[in-house]
Amino acid sequence: MDNQKFLHKKLLPLTLLALFISQVSIAQKVVHYDLYVRDTVVNYAGKEKRAIAVNGQIPMPTLEFTEGDTAEIVVHNQLKESTSLHWHGLFLPNKEDGVPFLTQMPIEPGTTYTYRFPIIQTGTHWYHSHSGLQEQIGMYGSFIMHKRADDKTFRKGIDDLPEIPIMLSEWTNLNPNNVHRMLHNASDWFAIRKGATQSYAEAIQSGKFKTKLTNEWKRMLAMDVSDVYYERVLMNGNHHTDLKSIDGKPLKAGDKVRLRISNGGASSSFGFATQAVKCP
Ligand SMILES: [Cu+2]
């Protein structure tokens with residue numbers, strides 16, 4: 001009995017120490033970002049338009065983490081309207097999901113809100129506003145989660161390559177709220193802009209009279225791939241993207257890079273191709 005008591009006394013601090021050590025080795029790194037959300041004016045397609053820039057940029061800053069980190073993202077809403085951020089495709093506690101009136105209250109103008117959640121996956125994701133149609137005017141960005149170096153699936157030569165995040169998106173000079181309204185009215189406007197209309201004569205000529213009738217009945221347009229015509233498609237918030245350097249370091253022939261591509265478009269599918277261009 002006495003012996004056991006003695007052992008217990010001796011072992012307890014040891015166990016505590018062991019627990020402490022294991023606690024330290026898996027201690028989570030908190031990765032902190034401050035996001036300042038502000039109105040801006042852009043000219044993507046010949047007209048000055050209102051947009052939203054975060055930390056002064058469109059798309060929003062790329063947020064990078066490693067699996068096991070804790071993300072701490074502080075949103076400073078400097079708009080005249082409420083906002084929110086949704087983390088596309090992330091596994092996280094429901095209250096951090098960023099859906100106003102469902103998982104949180106909207107972030108009101110002039111206020112600050114903190115999202116805090118553990119990173120428990122890896123891969124290329126993106127994040128965007130879940131308030132109104134703010135996503136359409138700039139509030140989208142890359143969300144990259146790296147593998148831990150001790151991950152069993154870590155591929156040397158692939159997972160450690162220099163990376164370039166690429167956000168694809170669309171731009172319309174129309175107010176996104178009007179786009180929304182026009183879609184509800186089954187307007188032909190976008191189809192006309194895209195040259196994707198079909199007359200009854202054309203339908204009959206191609207033997208699609210019946211389909212045409214059914215589609216009209218369903219108020220479905222002839223070529224219903226993407227419902228909206230966009231003035232521009234953007235890559236990292238621009239007409240073209242400079243892939244010539246990473247973090248200011250110029251790339252040279254033979255260098256390998258990894259592109260992390262997200263489609264932040266509201267209704268477009270993108271085909272993506274690379275082309276070697278000889279640089280001077
Ligand atoms: Cu989403």
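Note that ligands are numbered from 1 as they come in the structure, with each ligand's atoms numbered from 1 the same way.
For the Cu ion (ligand 1), protein N/O/S neighbours under 2.8 Å (waters excluded) are H88 ND1, H128 NE2.
Listed by first and then second residue, the side-chain hydrogen bond (donor to acceptor under 3.5 Å, both in side chains) pairs that reach into residues 52-63 come to none, sequence neighbours excluded.
The closest side-chain donor-acceptor pair between S268 and Y230, if any, does not fall under 3.5 angstrom. With no hydrogens or angles considered, a side-chain donor-acceptor pair links H76 and T112 at under 3.5 Å. With hydrogens and angles left out, the side-chain atoms of S84 and Q104 include no donor and acceptor closer than 3.5 Å.
Residues satisfying the ring-ring contact (aromatic ring centres under 6.0 Å, His included) test with H125, not counting sequence neighbours, are none.
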Using atom types as modelled, flag every donor-acceptor pair under 3.5 Å from a side chain in residues 45-52 to any protein atom, sequence neighbours excluded.
unit_1, atom_1, unit_2, atom_2, d
K49, NZ, N173, O, 3.2
R50, NE, D39, OD1, 2.9
R50, NH2, D39, OD1, 2.8

